[in-house]
Amino acid sequence: MEVVIEKGRKVLKAKDGYIIQSVTDGSILGKKLILGKKDSEIHYHEIPIEIPSEE
């Protein structure tokens with residue numbers, strides 16, 4: 001996970017193969033999250049995306 005600035009806003013971006021999940025309530029949030037002024041990346045972590053194998 002990394003914090004980048006896009007159009008003047010702090011954006012939390014997950015690495016390839018991962019999505020962002022809230023630590024506090026377990027909500028799945030997606031690949032990107034715009035952080036609020038008082039929001040911190042410590043409230044989120046990455047979880048792997050399960051990709052079904054093709055047989």
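For clarity, every value in this text was computed on a predicted model and none was experimentally measured. All residue numbers in this chain count up from 1 along the given sequence.
To the nearest 0.5 angstrom, K13 atom NZ is 5.0 Å from K32 atom NZ.
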Stepwise side-chain contact (heavy atoms from CB on, under 4.5 Å) check, K10 with I34:
CA-CA 6 Å; K10 288 188 339 183; I34 296 172; over 6 Å; no
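Of the possible donor and acceptor atoms, one in the side chain of K31 sits under 3.5 Å from a partner among the backbone N and O of Y18.
The other residues sharing a hydrophobic cluster with L33 are M1, V3, L12, I20, L29, L35, Y44, where clustering joins ILVMFWY side chains under 4.5 Å apart.
With sequence neighbours left out, the salt bridge (Lys or Arg N to Asp or Glu O under 4.0 Å) criterion links K15 to E46.
The shortest distance between side-chain heavy atoms of H45 and Q21 falls below 4.5 Å.
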